[in-house]
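Structure record follows, encoded as structure tokens.
As the structure is a prediction and not an experimental result, all values here were calculated from the model.
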Amino acid sequence: MMRKIARYLAGATVIAGVVSPLLAYCPSGCTSITSGPVTFCRCMIYETSNPNDRVMLVTDKPITIVDVDGDGLRDIPFGVYYYGSEGAYILRQISGGIPGTFTAVSISSPPLSTYGMVDLGDINGDGKVDFAIAQQERGYGVYILRSSGSSYISSLVYGDTLFRPNSITGYYDGSNPHLYWTAYGGHVFYYNGSTVIEYPTDSSLRPCADGITYGDFNGDGWDDVACANYRYYNFGLHVFFYDPSLGFYSHISFATGRRWQGIVSYDFDDDGDLDIAAVGNDISVFYNDGTGTGWTETLILEDFSTGYNPFARINVGDMDCDGDMDLVVATAVPNDSLYSSTTLAWVENTPSGWNFYTIDVGGNSASTLRPYPYGVRVGYLDEPTSAMYGGLDIVIIKEQSNQFWAYYDTLRCLLDYDDDEDVSEAALRSSVQLNVLKGGIEVTATDKAQIAIYDVSGKKLVQKTVDGKTFVKLNPGVYIVENNRRIRRVVVR
């Protein structure tokens, strides 16, 4: 069995087999920030022309800095909501480096006030990434935005003036878009490409008001939904079980009585079961016993964010190049008294537990006027297209409600092998086996499974359902393979 070894290249010195980090170089105008074992270059990369813009980076999907137009440079999707020049936008990177240079491009015509926004992949086959947005205000709709030449075409999926669509996530399976969203009124919705399914239909329950993630939590082969709630009386986290023949047929609640907002799913303990990480007033990881009904909490930090609405989001990424997924958390309402106004942090995943590290402090001048600009996007903002890779970079809104700040992770690592062979293999646990061969990747699924393959720029190359064995032909290079919210980096020789 081959195994991949991550080792530091740039930003580190190797002496007698010991890796020691060097002081990272940050160019003029940027600031070096050391946060645990990682050093970031913090740079203000863009300011919109309208100082009244409330910029939103609200998403619960991993790897959300993506190459939208196929030029090899990673871009940043964002929304402007409630105030200012409302709409859906791409912060397009026009030259790379630390920092890159960017320009904002509107992709919603007419302008659509945008709260939640998620990339879906290339729906219409034109080589550009398409998106879905949720409005919450100014129209109360869910839209799919499909690229069409130099512009985008907006298609209404669902309109809801009563419950108001809020956070949104989803994917394109090669045939249909699949969208999941919550509503400000507390319901969960699923669009399968033709029909919108709502749950629960009893409006008195109102279990979900914000963050949402999907995945197979009970091991039956179908994607379920988990969501977070900070509103109404039904505070907590909730999992909704789905079967296509039954729809959403039941749900469970846990971590109740506490306000949660951001949520992601990933197999953090590598046992084959999909776990949940959530942020609100607290930061916690909830380990799944495999049934989807038994959850064991590890409380990482209490009272991270204050207030009725925590304005907090969470994402995952390998920040320190050790091969496992860490957490990234951000809030616009930091706890001044306990954590010195920490507004951005990462949490290291180690065999002995979770280590919390502050990255930056302070909110923004718009934090005196709701709704606050907030959210976090994570991805490979400045990665080279070779076998070298680094920890994931981070983008948040800080200082002003229309300012983008990037935190470039300065670690550089190499995917390498412990012998001289040119063929590697790795396992994606659960029902999927992944063999990385010369010229491509062989995927074997004992049960029907969804896989997605990205290049290192974040561009989605393949998303398909595998039932049995299939071979995906790929050019030599580094790829990211995702299955059931599990992420692996592989090298095709």
Side-chain angles (χ1 to χ4, degrees), residues 31-36 38-45 47 53-60 78 81-83 115 167 209-211 228-231 235 255 258-264 277-285 298-317 319 326-348 354-378 392-407 409:
T31 303
S32 178
I33 297 175
T34 298
S35 177
V38 177
T39 298
F40 296 91
C41 276
R42 181 188 64 193
C43 311
M44 203 274 277
I45 59 172
E47 183 174 357
D53 287 346
R54 289 293 187 275
V55 175
M56 295 293 175
L57 302 177
V58 176
T59 183
D60 296 301
F78 71 95
Y81 165 74
Y82 206 82
Y83 295 106
Y115 177 79
S167 294
D210 215 309
N229 191 23
Y230 71 90
R231 300 188 75 234
F235 307 141
R258 296 150 68 188
R259 300 181 189 275
W260 303 97
Q261 191 166 30
I263 185 172
V264 292
V279 65
N281 293 143
D282 304 332
I283 305 170
S284 286
V285 173
T298 295
L299 176 64
I300 295 171
L301 199 68
E302 193 173 12
D303 295 327
F304 166 66
S305 179
T306 61
Y308 169 79
N309 185 334
F311 285 98
R313 288 287 152 171
I314 189 168
N315 217 305
V316 298
M319 307 307 297
D326 309 304
L327 303 177
V328 177
V329 290
T331 179
V333 192
N335 191 323
D336 296 336
S337 59
L338 290 182
Y339 306 112
S340 302
S341 299
T342 294
T343 192
L344 178 64
W346 73 287
V347 188
E348 182 185 17
W354 296 89
N355 299 324
F356 178 89
Y357 297 109
T358 293
I359 300 174
D360 211 349
V361 298
N364 53 67
S365 64
S367 292
T368 58
L369 183 64
R370 295 163 63 101
Y372 307 146
Y374 83 110
V376 60
R377 288 197 175 266
V378 176
L392 293 174
D393 308 313
I394 304 167
V395 176
I396 64 171
I397 306 304
K398 190 181 185 305
E399 304 299 344
Q400 304 292 333
S401 68
N402 63 333
Q403 288 185 355
F404 293 77
W405 290 76
Y407 297 76
D409 190 332

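- In this structure, CE in Met44 is found 9.5 Å from CD in Glu399, a value given to the nearest 0.5 Å.
- Here the CG-CG distance, from Asp326 to Asn315, works out to 12.0 Å after rounding to the nearest 0.5 Å.
- Between Asp282 and Asp303 the shortest side-chain heavy-atom distance falls below 4.5 Å.
- Atom CG of Asp210 and atom CG of Asn229 lie 8.5 Å apart (nearest 0.5 Å).
- Between Gln261 and Arg313 there is a side-chain heavy-atom pair separated by less than 4.5 Å.
- Inter-residue side-chain proximity for Tyr115 and Ser167 is flagged as met; some heavy-atom pair is nearer than 4.5 Å.
- Remark: Arg377 engages no residue in a salt bridge (Lys or Arg N to Asp or Glu O under 4.0 Å) (not counting sequence neighbours).
- For Asp53, the side-chain hydrogen bond (donor to acceptor under 3.5 Å, both in side chains) partners two or more places apart in sequence, or in a different chain, are Thr48.
- The OH atom of Tyr407 sits 12.5 Å away from the CG atom of Asp393 when rounded to the nearest 0.5 Å.
- Atom CZ in Arg54 sits 11.0 Å away from atom OH in Tyr81 (nearest 0.5 Å).
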If you apply the rule side chain to side chain contact (heavy atoms under 4.5 Å, CB included), what do you find for Val279 with Ser305, and how did you get there?
CA-CA 9 Å; Val279 65; Ser305 179; 5.9 Å; no
Applying side chain to side chain contact (heavy atoms under 4.5 Å, CB included), run through Val285 and Leu327 and close with a yes or a no.
CA-CA 10 Å; Val285 173; Leu327 303 177; 3.9 Å; yes
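- The two atoms that bring Val316 and Val378 nearest to each other are O-CG1, 4.0 Å, heavy atoms only.
- Atom CH2 in Trp260 sits 9.0 Å away from atom CD1 in Ile283 (nearest 0.5 Å).
- Within the 4.5 Å cutoff, no side-chain heavy atoms of Val333 are placed close to those of Asn309.
- Annotation: cation-pi geometry satisfied between Arg259 and Phe235 (NZ/CZ under 6.0 angstrom from ring centroid, within 45° of ring axis).
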Residue pair Met319, Ile394: steps toward the side chain to side chain contact (heavy atoms under 4.5 Å, CB included) verdict:
CA-CA 10 Å; Met319 307 307 297; Ile394 304 167; 3.8 Å; yes
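- Listed by chain and residue number, Thr342, Phe356, Val361 satisfy the side-chain contact (heavy atoms from CB on, under 4.5 Å) test with Thr358 (two or more places apart in sequence, or in another chain).
- Ring geometry for Tyr374 against Phe311 counts as perpendicular: the plane angle is over 60°, on a 0 to 90° scale with 30° as the lower cut.
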